[in-house]
Visitor: 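One structure, as structure tokens, below. Some questions next.
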2 protein chains.
Amino acid sequence: MFISTSEHGVDAKNRVSVPANYRAVLRNDPHDAIYLFPHFSGAYLEGGGELFIQQYRADIARLGRYDPLGQIMEVAVLGAARRLDFDSTGRVTLPKALIEHAGISGKAAFVGCGSRFEIWNAEGQAAREVEMRQAAAKMMQDPEQVARLGGGQDLATLVGNSPALSDLLKRGDT
Amino acid sequence: MFISTSEHGVDAKNRVSVPANYRAVLRNDPHDAIYLFPHFSGAYLEGGGELFIQQYRADIARLGRYDPLGQIMEVAVLGAARRLDFDSTGRVTLPKALIEHAGISGKAAFVGCGSRFEIWNAEGQAAREVEMRQAAAKMMQDPEQVARLGGGQDLATLVGNSPALSDLLKRGDT
DNA sequence: TTGTTTCCCATAAAATCCCATGGTATCCCA
DNA sequence: TGGGATACCATGGGATTTTATGGGAAACAA
């Protein structure tokens, strides 16, 4: 699971270190690489490992070959995505197109979002984090929003009822 | 279950011993670690084991990728969360960002909250405990709040949460 | 050539591991 | 019920490893 936020310098060769704890998540992947694409709804990159990209692929495949939405997503996601291999010290080289989309210069911020992560330019992310945190605090005072969130009750029930799910969680690295 | 409150010193390397009874709760987790994040609605940290973080993840996932509330929670919780591994004597090293958020210096107070726990700076926690106790007393004078609490009548839920209790009931000597 | 990409090595800082120690709670047996 | 032995817990400090990052040499493309 990708969690935590950290900033890393982007050097003159456009190389950036992928956080070590992210690399640990990808340890069992076939390629020792990440997949990244410029996100269609904002100035940031979205990425992850093999599972991440295959989820998009599965979503698109389920729509069928002739579905317009599927065709859009094929181009917007798969068409724009890149596979970036790690060098021996855990860095990747960001293609110019991705750097420009996210407006990255000097420093890039990696934000863990569970099964995927985002890459923002550092200043933008710092501002966004403050904003999101305040929004979260506000949400908690609205009973309707709190109810939508649920409060973890589902999973507790699920795990209680299902040894299989419990084992899955224990196996880790999801 | 995480219960009881205890204070522990934070040394020059920002290491702190996790209470032994908390560690016992985590014994079956896949990673021998805790997850912690700076809480968005106060100067404290919230944490727990694998189940704790997966509950947040499940709540967020259930909302779907394009739900604004979900995006807020991704950044405010998963984006800010850290996994802290135990050293061989049961300590974790608190990242600087977390220490600053909670205003911890010298001593940290662990407060057990059942399926999760909180970490406060020691003085803040002492004040809060008194405050919460008074708030509880006040709640009990409001019939509506008392009704919401229920009064422990839901035995089925209790048993569902505790295999030990379930066994006890099956044995029949209650 | 010239610019770009890939691989490899070097280094400083930071995180982590390992061992030692004092104190406290627990156990056990007379 | 006392009192000693034992195990466990919290904490300190040094040694080792990992991480992030800079820069150079070799391979490749235009």
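Note on naming: letters A, B, ... go to the chains in the order of the sequence lines (proteins, then strands), and numbering restarts at 1 for each one.
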Visitor: Hey, is E118(B) close enough to R128(B) for a salt bridge, meaning N to O under 4.0 Å?
Guide: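 Yes, this pair counts.
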Visitor: Considering every strand and a 4.0 Å limit on heavy-atom distances, what is the contact class for D11(B): base, sugar-phosphate, or nothing?
Guide: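 D11(B): backbone/sugar contact only, no base atoms under 4.0 Å.
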Visitor: Give the rounded distance in Å between these two atoms: CZ of F86(B) and P of dA15(C).
Guide: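 Distance check: F86(B) CZ to dA15(C) P gives 18 Å.
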Visitor: Rounded to whole Å, how long is the line connecting atom CG of D85(B) with atom C1' of dA15(C)?
Guide: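 Taking CG of D85(B) and C1' of dA15(C), I get 11 Å after rounding.
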Visitor: Under 4.0 angstrom, heavy atoms only, what part of the nucleic acid is V18(A) near: base, sugar-phosphate, or nothing?
Guide: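 Counting heavy atoms under 4.0 Å across all strands, the contact made by V18(A) is with sugar-phosphate only.
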Visitor: Please give me the minimum heavy-atom distance between S4(B) and N21(B), naming the atom from each residue.
Guide: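 Smallest interatomic distance, heavy atoms only, reads OG-ND2, 3.7 Å.
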Visitor: Could you tell me how far apart F110(A) (CZ) and dA20(D) (C1') are, to the nearest whole angstrom?
Guide: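 It is 12 Å, rounded to the nearest whole Å.
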Visitor: Among dG13(D), dC18(C), dT21(D), which nucleotide sits nearest the side chain of K107(A)?
Guide: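 Given the options dG13(D), dC18(C), dT21(D), the side chain of K107(A) is closest to dT21(D).
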Visitor: When you measure from the side chain of K13(B), which nucleotide among dT21(D), dT6(C), dC17(C) comes out closest?
Guide: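 Shortest atom-to-atom distance from the side chain points to dC17(C).
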Visitor: For R15(A) and dC7(C), give me the distance from atom CZ to atom P, rounded to whole Å.
Guide: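 Checked: the CZ to P distance equals 12 Å.
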Visitor: dA14(C) P sits how many Å from H8(A) NE2, rounded?
Guide: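 These atoms are roughly 14 Å apart.
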Visitor: For the pair made of CG in N21(B) and C1' in dT24(C), what is the distance, rounded to whole Å?
Guide: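 From N21(B) CG to dT24(C) C1': 15 Å.
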Visitor: To the nearest Å, how far apart are D87(A) CG and dC9(C) P?
Guide: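 From D87(A) CG to dC9(C) P: 13 Å.
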Visitor: Whole angstrom is fine here: how far is it from CD1 in I99(A) over to P in dT5(C)?
Guide: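 I99(A) atom CD1 is separated from dT5(C) atom P by 10 Å.
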Visitor: DNA chain C: S88(A) or K96(A), which has the more 5' nearest nucleotide?
Guide: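 That would be K96(A).
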Visitor: Choosing from dT19(D), dC18(C), dG23(D), which nucleotide comes nearest the side chain of R91(A)?
Guide: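 Nearest to the side-chain atoms of R91(A), counting from C-beta on, is dG23(D).
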Visitor: Please determine whether a side-chain nitrogen of the Lys or Arg among R133(B) and E131(B) lies less than 4.0 Å from a carboxylate oxygen of the Asp or Glu.
Guide: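 Salt bridge: no.
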Visitor: Taking OP1 and OP2 of dA20(D), is either one under 4.0 Å from a side-chain nitrogen or oxygen of R23(A)?
Guide: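 For dA20(D), OP1/OP2 do have a side-chain N/O of R23(A) under 4.0 Å.
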Visitor: Would you call D85(B) and R83(B) a salt bridge, taking side-chain N to carboxylate O under 4.0 Å as the test?
Guide: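 Yes, this pair counts.
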Visitor: Which comes earlier along DNA chain C counting from the 5' end, the contact point of T93(B) or that of T89(B), where each point is its nearest nucleotide?
Guide: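 The 5'-side residue here is T93(B).
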Visitor: Could you tell me if Y35(B) and E46(B) have a donor-acceptor pair between their side chains, going purely by distance under 3.5 Å?
Guide: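 There is no such pair (donor and acceptor under 3.5 Å, judged by atom type) between the side chains of E46(B) and Y35(B).
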